[in-house]
There are 2 protein chains.
Amino acid sequence: MANIYDVAKAAEVSPATVSRVLNGGSVSSERAARVRAAAEELGFRPNRVARGLRRQRSDVLALIISDIENPFFTALARGVEDVARASNLSVVLCNADDDPEKEAEYLDVALAEHMAGVVIFPASHAETDVTALLDRGVPVVAVDRSPESATIDTVTADDENGAYAVTRHLLDEGYRRVACITGPRASSAAMVRLRGFLRAHREGEAPRRRPRVAYADFRVRGGYQAMSELLDLAEPPDAVLATNNLMAAGALAALHDRGLRPPEVGVAAFGDTFWSQLVRPALTTVRQPAYEIGQAAAELLLKRRHTPDIEPQRLVLPTRLEIRGSSRRTAATEPTPTAGPAASADAVVGAEQPAGPGQPTGQATGQVRATGRGRLTRPRRPDAMT
Amino acid sequence: MANIYDVAKAAEVSPATVSRVLNGGSVSSERAARVRAAAEELGFRPNRVARGLRRQRSDVLALIISDIENPFFTALARGVEDVARASNLSVVLCNADDDPEKEAEYLDVALAEHMAGVVIFPASHAETDVTALLDRGVPVVAVDRSPESATIDTVTADDENGAYAVTRHLLDEGYRRVACITGPRASSAAMVRLRGFLRAHREGEAPRRRPRVAYADFRVRGGYQAMSELLDLAEPPDAVLATNNLMAAGALAALHDRGLRPPEVGVAAFGDTFWSQLVRPALTTVRQPAYEIGQAAAELLLKRRHTPDIEPQRLVLPTRLEIRGSSRRTAATEPTPTAGPAASADAVVGAEQPAGPGQPTGQATGQVRATGRGRLTRPRRPDAMT
DNA sequence: TCGCCACGTCATAGATGTTGGCCATCGGGT
DNA sequence: ACCCGATGGCCAACATCTATGACGTGGCGA
C-alpha cells in the first residue's frame, strides 16, 4: 500500500506538503492538484495508526454498554453514531456485559488506543473507574448511571418522574397492590426508578400498604423469576411495574404461564420498544429517550473534546408515559360498565369481557374497537408528562 | 503516561528487554521480575497504537453489520465476541445501516487501522468490495450473504430448507393462499428464502396457485406496508411467511390494525427472538442460529489468520423450525369445532372464538400444547429439520 | 533604485512508542 | 579449546505530523 512518501515522490513534493494538502494546510493550488492526482493514482489512504501515534489521539470513539441485546442500547448507539459521524468520528461498540472486569478491559483498550473519547454506561456505580482516562485527557461521558470515581458529564433520563407517573397511572386505574420489579441495588437507575415508584405510593390516596419490591437483574430471566415469586405470595400483587423492558418481558411470560394477563393483572414497564406494541394487550411504558440520550452524550463529548475545561454537566432528559393496553378502572371504580374509549382503547384483543350474545354495538358501548378492517393509527393518548 | 523507556530506565534494562518480558521473549527471571515491578510501579500500559504501527497489525477485529437494532445481529455479535475474547482479541461493532457507502467507509477504517480481521454482513451482494482488505492480507469472513467481489469464507444458515420447512408447515395446517414477504432482490438471503418458499409450493399437493410474493426491506415499516398491500388484494392471502423478524413484526401490526390475527391468518417468520414468544399467539419461527453463526465466523477468521492460504470455506448451519401458536388445521380440516384447547391453547389472547363452554379435553385431540396453567417450558415439537 | 522586512510556501528534521533483526557476551558442555 | 544456546543491548523501521527555519517575492521607505 502506498504511503505518504510514495505520493510525495509521484507528485514531486515533500511528504509534508502531501500532509498539508490532505489536512488543510496552505499549499499552492497547482501543487495541491498534483498531490491529489498522485494520491488518487496510487490509491493512497493515510495510515490511521501512524497518524494516531503522531497525533496522540485517534478519530474513533468508544461506546461501552452493558448489554448489546437490550434494544435500549441499540437505540442509544444510533444516537451516538449519528452525531459522531457528522464530526467524522467512527464509533466502536464494546459490549461489557455488565461485568466490571470486562468493562475495565475495554476502558484499558480505549486508553491504549488513544481513543477520541468514551461514552459509557457504567456497569457499576462503585467499581467503574474512569480516572485513568480523565488523567490522560480523554473525555468520558456517562449515560444513565454515573460512576463514583469522578464527576463527569452525565446524561440520564428523568427516571424518577417517569416511575412516579406510571405508578400513579396504575393506582389511578384502580389497582390496589402494585409491586415493583427493579434492578440490582448497585444500579443507581434501579434505585431512582424505585424511588419514583415509592413516592407515588406515599402521595396517593390509595391505601398505604407497603408495596412489594423485588430486586432482579435487568434480564428476562430475572424478571420471570421475580414475577413468579411475587405471584407465589399469600397476597400477590394485582399490578406490577418492571423497571426495564427485558424484565417486563420475563414478567409477562411468568403471567402467561399462570394464565394471568392484563388487565386482570396490570403491567407497566420502563423502556419502549417495538415489541411492546405487539404484545396484546400492549404494555403501558415509560418511554426512555434512548436515541436522544445517545445524541446528547455524543454532543457533550464533542464539546468537551474541543474545550476540555468546562464544568461537568448533568443532563436530564424527560421520559414519556405511553399509555396502551386496557384499563381496569371501569371495573374497579365505576358501578356500571359505561366502559368507554378511554378505558379500553387498545385492549381489544385480550379483554376478558364475556363475548355474550351482546352484539357488536360498537358505537353504543362507545368502545373503540378495531372493527375488523382498516386503521393504521393506534389510538394513543397524549402523554401524561413530557 | 509511562512509556517503555521509562520502564526500562526504572528497571535498569533496555527497552527491548521490557518488550521481551511483556511479549514472551527469553529473559532471565531476575530481570523479568525487575521489569514487572517497574511496570507495575509506573502503571505502564503498552501503547497499542505504536505497537500496531510497528507490527503492522492490531488485535482488534471489526464486525460490520447492517442493522444494530436487529436482534439477529446482537446475538451474532455475542458469538463473535465470545470466540474472539478467548484469543485475546477485542471486537468493535460497526453499524453500516445497510448503506453500501457507510459500509465502504468502515471497510476503509478497518484497512487503515490494520485490523486483525473483519466479519461482515455485506450490505449488498454486488457493491460490497472487500478486495482491498484481502490484498493487504486482512482476513475477511462473510456472514449470511456472500459478496460477489471475491471468494471468501462464508457462514450461512440453511435458509432454503428453513423456508421450505416452515412453508410446508403452513400448507399442512390447511392454509390455502400463503404469501411471502421477503427482502430486497439484491439480498441473496432474501432470494434463497424465497426459493425455499416456492419449492414448498411446487412440491405440495396443495393447489398450485402462484403464491403471492412481496418484496420489502427487512424493516418493520416495510413489513407493515407489504402486509397491508397483500391484504388489499382482491384475494388476500390467508397466511404469510416473513423472511425476517422485523418484517414479521410489521406484518403482525398490519394484521392487528385490521382486526385480523392468527390463526385466522397464519403468520410465520424467520428469526427467533424473545419477543416472538410474547406475542399471542406466538409466532412460528425458523430459528436462525445467530450466535452459532457468529462463533463459526470468528473461528474461521482465527484459523485463516493463522494459516492464510487455506481454501475458502463455505459453512452452512442448520436452522430449526419452532412451532408455536395455534394451528388452523382443526378448524380447517375438521367439520365440527371441537374448539377447546387444541385450537386456542397458546392463542388465548387473541382468538376470535366464542369462549364457549367447551372444556380442556387436551389429550383427546392429541395435541401437545400448553394447557393453560403453569409450565415454564413451551411446547416445542422436535424440529422438522435439523 | 536599493535594501529591509513581512509573509507565504515548502523542505528538512525530529518525535511518536514499540518491536524485530543483528550482534556481542557469557556460561556450560563436549 | 571450541561450539552452542541463552541472554540482552543497540539500531532502525513503521507512517505520519509538527516545529523550525530557509527561501523567494513583493511592498515600502529611504
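What's counted below: heavy atoms across the whole structure, side chains too, no hydrogens, waters or symmetry copies. This is a predicted model, so every value here is computed, not measured. Letters go in sequence order (proteins before strands), and every chain restarts at 1.
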Considering only [options], which nucleotide approaches the side chain of [X] most closely?
| X | options | result |
| --- | --- | --- |
| B:Arg31 | C:dT16, D:dG8, D:dT16 | D:dG8 |
| A:Pro46 | C:dT18, D:dT16, C:dA11 | D:dT16 |
| B:Val27 | C:dC10, C:dT19, D:dG8 | D:dG8 |
| B:Ser28 | C:dC10, D:dC17, D:dG8 | D:dG8 |
| B:Arg51 | C:dG17, C:dT18, D:dT16 | C:dT18 |
| B:Asn23 | C:dT19, D:dA15, D:dG9 | C:dT19 |

[N] [atom2] sits how many Å from [X] [atom1], rounded?
| X | N | atom1 | atom2 | result |
| --- | --- | --- | --- | --- |
| A:Arg55 | C:dG17 | CZ | P | 16 Å |
| B:Arg45 | C:dT18 | CZ | C1' | 17 Å |
| A:Asp59 | D:dC17 | CG | P | 11 Å |
| B:Asn3 | C:dA15 | CG | P | 13 Å |
| B:Leu22 | D:dG8 | CG | C1' | 16 Å |
| B:Leu53 | D:dA12 | CG | C1' | 13 Å |
| A:Asn47 | C:dT16 | CG | C1' | 13 Å |
| A:Leu42 | D:dA15 | CG | C1' | 15 Å |

message: Go nucleotide by nucleotide along DNA chain C from the 5' end; which of B:Ala50 and B:Ala16 gets its closest nucleotide reached first?
response: B:Ala50
Does this structure show an ion pair linking [X] with [Y], if we count only N-O contacts that are shorter than 4.0 Å?
| X | Y | answer |
| --- | --- | --- |
| B:Arg305 | B:Asp59 | yes |
| B:Arg36 | B:Glu40 | no |
| B:Glu105 | A:Arg85 | yes |
| B:Asp153 | B:Lys303 | no |

Side chain [X] and base [N] donor-acceptor under 3.5 Å:
| X | N | result |
| --- | --- | --- |
| B:Tyr5 | C:dT16 | no |
| B:Arg48 | C:dG17 | no |
| B:Arg54 | C:dT19 | yes |

Phosphate OP1/OP2 of [N]: any [X] side-chain N/O under 4.0 Å:
| X | N | value |
| --- | --- | --- |
| A:Gln56 | C:dA15 | no |
| A:Thr17 | C:dA11 | yes |
| B:Ser26 | D:dA6 | no |

statement: The answer to which of B:Ser14 and A:Pro15 contacts DNA chain D further toward the 5' end, by nearest nucleotide, is B:Ser14
query: Starting at the 5' end of DNA chain D and moving along, which residue's nearest nucleotide shows up first, A:Ile4 or A:Arg20?
result: A:Ile4
Using a distance-only test with no angle check, is there a side-chain donor-acceptor pair under 3.5 angstrom linking [X] and [Y]?
| X | Y | value |
| --- | --- | --- |
| B:Thr128 | B:Glu103 | yes |
| A:Asn95 | A:Tyr106 | no |
| A:Ser19 | A:Asn23 | yes |

query: Between the two ends of the helix from C:dT1-D:dA30 to C:dT30-D:dA1, what is the bend in degrees, rounded to 10 degrees, where each end axis spans five pairs?
result: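 End-to-end axis angle for the helix from C:dT1-D:dA30 to C:dT30-D:dA1: 50°, rounded to 10°.
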Distance in Å, A:Leu53 CG paired with A:Ser58 OG, rounded so as to fall on 0.5 Å steps: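 Here the rounded value is 12.0 Å.
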query: Mind checking what makes salt bridge (charged side-chain N to carboxylate O under 4.0 Å, His left out) contact with A:Arg57, not counting sequence neighbours?
result: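 In terms of salt bridge (charged side-chain N to carboxylate O under 4.0 Å, His left out), with neighbours along the sequence ignored, A:Arg57 is linked to no residue.
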- prompt: If you look at every strand shown and take non-hydrogen atoms under 4.0 Å, does B:Val49 touch a base, only sugar-phosphate, or nothing?
  reply: nothing
